[in-house]
Amino acid sequence: MDISGLHIAIIGAGYAGASTAKALSLAGATVDVYEQAKEIREVGAGIGLRPSSLDQFRKWGILEAIERVTSPSESFEILTAAGERIAKENWPEADTYGLTTRFVHRGDFLDALIAELPEGMVHLDHKLVGIEDHGATATATFENGASVTADLVIGADGIRSQVRGRLFSDQQPVFAGEHAYRVVIDADRTHGLPFDSNLRMYIGRGTKIYFLPLLHRGQVSYDVTALSADPTPNPTATLDDLLSTVEGFDERIVATTRDLDMSAVNIRAVYDIDPVDTWHSDSVALVGDAAHAMCHHQGQGANSAILDA
């Protein structure tokens with residue numbers, strides 16, 4: 001299908017929106033991205049970019065830019081709370097694409113993606129307040145009084161998508177019964193825990209602790225995901241709360257946790273959504289978390305958003 005000449009408006013400038021904007025602009029469309037925030041920034045945590053995602057960047061001509069802010073990884077280990085290995089596997093897809101999984105700080109990743117978009121494509125401070133599907137076109141209106149009519153409007157506005165809620169489904173996010181505590185710390189503050197290219201997940205008593213190395217930064221993305229009955233989207237917690245969660249884990253994990261600056265720790269309840277039956281009409285479509293939000297494990301959401309694009 002030839003999309004050159006189409007005007008496409010994308011709602012949201014996160015991974016899904018930025019990736020989709022890059023892919024569609026390369027295919028010849030005229031693309032504008034509308035982001036509700038006054039500045040683009042991402043929570044301080046790390047994710048893994050899979051070979052299938054990196055292959056898309058290679059096709060779009062931006063792989064080198066992404067590689068500059070990432071570190072390669074060969075394998076993933078699962079360990080007990082005490083640090084005894086349960087399993088170790090090489091990342092899949094490496095032979096298929098000739099690429100291996102790479103780890104990246106979320107903020108660095110989004111900055112690199114946005115930097116690859118043409119200047120003026122992203123419009124900040126545009127919070128969606130209405131969308132109307134006319135059949136052949138659609139119109140989005142924003143809180144600042146602006147509006148845009150486009151051949152295609154794409155909702156890349158996340159798990160609580162206004163585009164999805166207004167046009168396709170009243171499906172609400174579903175609490176997964178977990179809280180995630182995420183922070184990036186210097187490798188020399190991990191009390192001798194292994195620091196190499198491997199991702200390690202320690203598991204015990206319903207808690208999962210991820211150590212994701214950001215070798216190029218000399219840092220580790222530290223993620224504690226623990227069972228909780230509190231569905232508050234942005235809960236609060238004290239250091240004592242977090243220490244009770246890691247009680248019984250490897251003493252190096254306990255010591256690393258004890259040293260955390262809680263003001264730097266991002267705390268979120270974990271949500272996904274049940275399947276949405278309809279993802280598009282002739283002039284409106286959903287991508288990324290707006291269409292199929294997943295729990296945050298293993299970077300599923302970001303990688304799926306890239307493949308959507």
Side-chain angles (χ1 to χ4, degrees), residues 3 6-43 45 47 49 53 56-57 59-62 65-66 69 104-131 138-144 146-168 173 273 276 279-281 283-294 296 299-309:
I3 67 168
L6 282 186
H7 179 206
I8 300 175
I10 298 174
I11 311 301
Y15 310 139
S19 297
T20 303
K22 184 63 178 179
L24 293 178
S25 61
L26 286 172
T30 298
V31 180
D32 286 284
V33 182
Y34 299 91
E35 165 60 40
Q36 68 175 355
K38 290 181 170 59
E39 62 177 325
I40 294 176
R41 58 181 186 173
E42 182 53 77
V43 138
I47 56 171
L49 298 172
S53 296
Q56 295 304 312
F57 299 145
K59 291 175 180 176
W60 301 342
I62 64 171
I66 300 299
V69 296
V104 63
H105 185 288
R106 290 172 179 264
D108 293 347
F109 177 39
L110 189 54
D111 287 347
L113 275 178
I114 294 295
E116 292 300 318
L117 299 180
E119 187 173 352
M121 180 178 285
V122 178
H123 309 274
L124 301 177
D125 196 18
H126 280 69
K127 181 179 180 180
L128 187 76
V129 294
I131 184 166
T139 299
T141 57
F142 303 97
E143 190 175 66
N144 61 11
S147 67
V148 59
T149 297
D151 299 302
L152 176 63
V153 173
I154 296 178
D157 51 342
I159 188 171
R160 302 182 189 278
S161 170
Q162 290 295 306
V163 177
R164 183 185 72 240
R166 291 174 183 272
L167 291 183
F168 296 117
I273 58 172
V276 176
W279 294 11
H280 72 91
S281 66
S283 59
V284 184
L286 304 174
V287 298
D289 283 353
H292 47 65
M294 309 173 194
H296 70 289
Q300 293 179 101
N303 284 280
S304 295
I306 294 160
L307 297 185
D308 284 356

Handout entry: Closest non-hydrogen atom pair, Leu152 against Val284
Key = CD1-N, 3.8 Å
Exercise for the section: Any chance you could measure Ser304, atom OG, to Tyr15, atom OH, to the nearest 0.5 Å? Expected result: 13.0 Å
Fill in the blank from the handout: Residues Leu117 and Ala21: closest non-hydrogen pair is CD2-CB, 4.0 Å
Practice task
Any pair with a residue in residues 150-168 that passes salt bridge (Lys or Arg N to Asp or Glu O under 4.0 Å), sequence neighbours left out, goes on the list, sorted by first then second residue, please.
Solution key: none
Practice task
Give a yes or no on whether the backbone of Met294 and the side-chain of Gln300 come within a donor-acceptor separation of less than 3.5 Å.
Solution key: no
Completion exercise
Minimal heavy-atom distance between Tyr34 and Ala9, with the atoms involved, is CE1-CB, 3.8 Å
Handout entry: Euclidean distance, Thr141 OG1 relative to Leu128 CG, rounded to 0.5 Å
Key = 6.0 Å
Handout entry: Closest non-hydrogen atom pair between Ala150 and Val153, with its separation
Key = CB-CG2, 4.3 Å
Exercise for the section: Kindly indicate, with the supporting measurements, whether the criterion side-chain contact (heavy atoms from CB on, under 4.5 Å) is fulfilled by Val69 and His105. Expected result: CA-CA 8 Å; Val69 296; His105 185 288; over 6 Å; no
Exercise for the section: Output the distance between atom CD (Gln162) and atom CG (Leu167), rounded to the nearest 0.5 Å. Expected result: 10.5 Å
Problem - Greater than 12 external heavy atoms within 6.0 Å of His280's NE2 - result: no
Exercise for the section: Supply the atom-to-atom distance Asp308 CG to Asn303 CG, rounded to the nearest 0.5 angstrom. Expected result: 11.0 Å
Exercise for the section: Kindly say whether Lys22 contributes a backbone atom to a donor-acceptor pair with the side chain of Ser25 at under 3.5 angstrom? Expected result: yes
Handout entry: Value rounded to 0.5 Å, distance of OG1 in Thr149 from NE2 in His7
Key = 9.0 Å
Problem - Nearest-0.5 Å distance, CG of residue Leu113 to CG of residue Asp108 - result: 11.5 Å
Exercise for the section: Taking all heavy atoms of Met121 and all of His123, pick out the closest pair and write down the distance. Expected result: O-CD2, 3.3 Å
Handout entry: Test side-chain contact (heavy atoms from CB on, under 4.5 Å) applied to Ile154 and Ile8, step by step
Key = CA-CA 7 Å; Ile154 296 178; Ile8 300 175; 3.8 Å; yes
Problem - side-chain contact (heavy atoms from CB on, under 4.5 Å) between Leu124 and Glu35, intermediate numbers included - result: CA-CA 5 Å; Leu124 301 177; Glu35 165 60 40; 3.9 Å; yes
Problem - Mutual orientation of the aromatic rings belonging to His292 and Trp279 [parallel < 30°, tilted 30-60°, perpendicular > 60°] - result: tilted
Handout entry: Nearest heavy atoms of Ile47 and Ala302, plus distance in Å
Key = CD1-CB, 3.8 Å
